[in-house]
Amino acid sequence: QVQLVESGGGLVQAGDSLTLSCAASGRALGRYAMGWFRQAPGKEREFVAAITRTASSTYYADSVNGRFTISRDNTKNTVSLQLYSLKPEDTAVYYCAAKLTMYSGYYYYIADEYDAWGQGTQVTVSS
C-alpha cells in the first residue's frame, strides 16, 4: 500500500498563495489517480481536486476552480496543490488521497473511492 505525507500548510492572509505537497512512498505513484480533499471544523470532508494517473486530466470543485491547481510528478512520486487567492473559507485540513486504478484516463472525486490517505496539513486563512 502506498503511504502519503502532506506538507506545506500554514497560516496565511486572504489573497495569499500556498503550495501543498504530497510525498508518496511504498509504491510507484504512477499506478494511482490522486486527489485532494479538505475538512473544515464541524464540516464533512469535501472534494477539492483530482488528477489522473498520467496528468492527462484534472477536475476541481466549483469552489476552487480557477484558484487552485493540482499537478503531479511521477518521477518524484509527488503530487502538489497550488492555492491562489486564498479566502477565509478555504481554512481546513487538507488531505492527499490515492486511488489504485488500471485506468490512466480516470479521475475520482468521491472520497470513498480512494484507497490511501495522508494525515493532513492545516491551512488557515485569516481575513
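Values reported hereafter were calculated over all heavy atoms of this structure, with side chains retained and with hydrogens, waters and symmetry mates removed.
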remark   = On a heavy-atom basis, the closest approach of A24 and V2 is CB-CG2, 3.8 Å
inquiry  = If you count heavy atoms of other groups shown closer than 6.0 angstrom to CD of E44, is the number above 12?
reply    = no
ask   = Does the S126 side chain pair with the main chain of V12, one donor and one acceptor, at a distance under 3.5 Å?
value = yes
message = With rounding to the nearest 0.5 angstrom, report the CD to OG1 distance, Q122 to T91.
response = 7.0 Å
For Y59, ring pair (Phe, Tyr, Trp, His ring centres under 6.0 Å) partners two or more places apart = F47, Y107, Y109
key: Evaluation steps, side chain to side chain contact (heavy atoms under 4.5 Å, CB included), between E6 and W36   = CA-CA 10 Å; E6 303 94 335; W36 285 93; 3.9 Å; yes
inquiry  = Is it the case that the side chains of Y94 and R38 hold a donor-acceptor pair, with the cut-off being a distance below 3.5 Å and no angle test?
reply    = yes
request  = Check D90 against R67 and note the closest heavy-atom contact, atom names and distance.
outcome  = OD2-NH1, 2.8 Å
task = Would you check if there is a donor-acceptor pair between the side chains of Q82 and S80 at a distance under 3.5 Å?
result = no
request  = Identify whether V93 and F68 are in the same connected component of the hydrophobic contact network (ILVMFWY, side-chain heavy atoms under 4.5 Å).
outcome  = no
query = Between V79 and I70, is a side chain to side chain contact (heavy atoms under 4.5 Å, CB included) present by the stated rule, with each step listed?
reply = CA-CA 7 Å; V79 177; I70 187 172; 4.1 Å; yes
task = Supply the atom-to-atom distance R53 CZ to N74 CG, rounded to the nearest 0.5 angstrom.
result = 8.5 Å
request  = Locate the shortest heavy-atom distance separating G105 from S56; write the atom from each residue and the value.
outcome  = CA-OG, 4.3 Å
query = Which pair of heavy atoms, one from M34 and one from A98, lies closest together, and at what distance?
reply = SD-CB, 3.5 Å
request  = Over all heavy atoms of both residues, which pair between L100 and Y32 is shortest? Give the atoms and the distance, please.
outcome  = N-CD2, 3.3 Å
ask   = Going by heavy atoms in the side chains, are S21 and T78 under 4.5 Å from each other?
value = no
task = Describe, in one word, how the ring planes of Y106 and Y103 are oriented to each other, choosing from parallel (under 30°), tilted (30 to 60°) and perpendicular (over 60°).
result = parallel
query = Cluster question for you: counting only ILVMFWY and a side-chain heavy-atom cut-off of under 4.5 Å, with indirect links fine, are V123 and L11 together?
reply = no
inquiry  = Main chain of L29, side chain of N77: is a donor-acceptor contact present, judged purely on distance under 3.5 Å?
reply    = yes
task = Could you give me the CA-CA distance, side-chain angles and deciding distance for W117 and C96, then say whether side chain to side chain contact (heavy atoms under 4.5 Å, CB included) is met?
result = CA-CA 6 Å; W117 293 82; C96 174; over 6 Å; no
key: Straight-line distance of R72 CZ to T52 OG1, nearest 0.5 Å   = 7.0 Å
In one Ile/Leu/Val/Met/Phe/Trp/Tyr side-chain cluster, 4.5 Å: M102, I51 = no
request  = Tell me whether Y95 is reachable from L81 by hopping between hydrophobic residues (I, L, V, M, F, W, Y) whose side-chain heavy atoms are closer than 4.5 Å.
outcome  = no
Rounded distance (nearest 0.5 Å) linking atom CG of L4 with atom OH of Y114 = 11.0 Å
ask   = How long is the gap from CG on L83 to CG on D16, to the nearest 0.5 Å?
value = 11.0 Å
ask   = By salt bridge (charged side-chain N to carboxylate O under 4.0 Å, His left out), which residues pair with R27, not counting sequence neighbours?
value = none
message = Please tell me whether Y60 and L18 are part of a single hydrophobic cluster in this structure, the criterion being side-chain heavy atoms less than 4.5 Å apart.
response = yes
key: Atom pair CD (Q13) and OG (S127), whose distance is rounded to the nearest 0.5 Å   = 9.5 Å
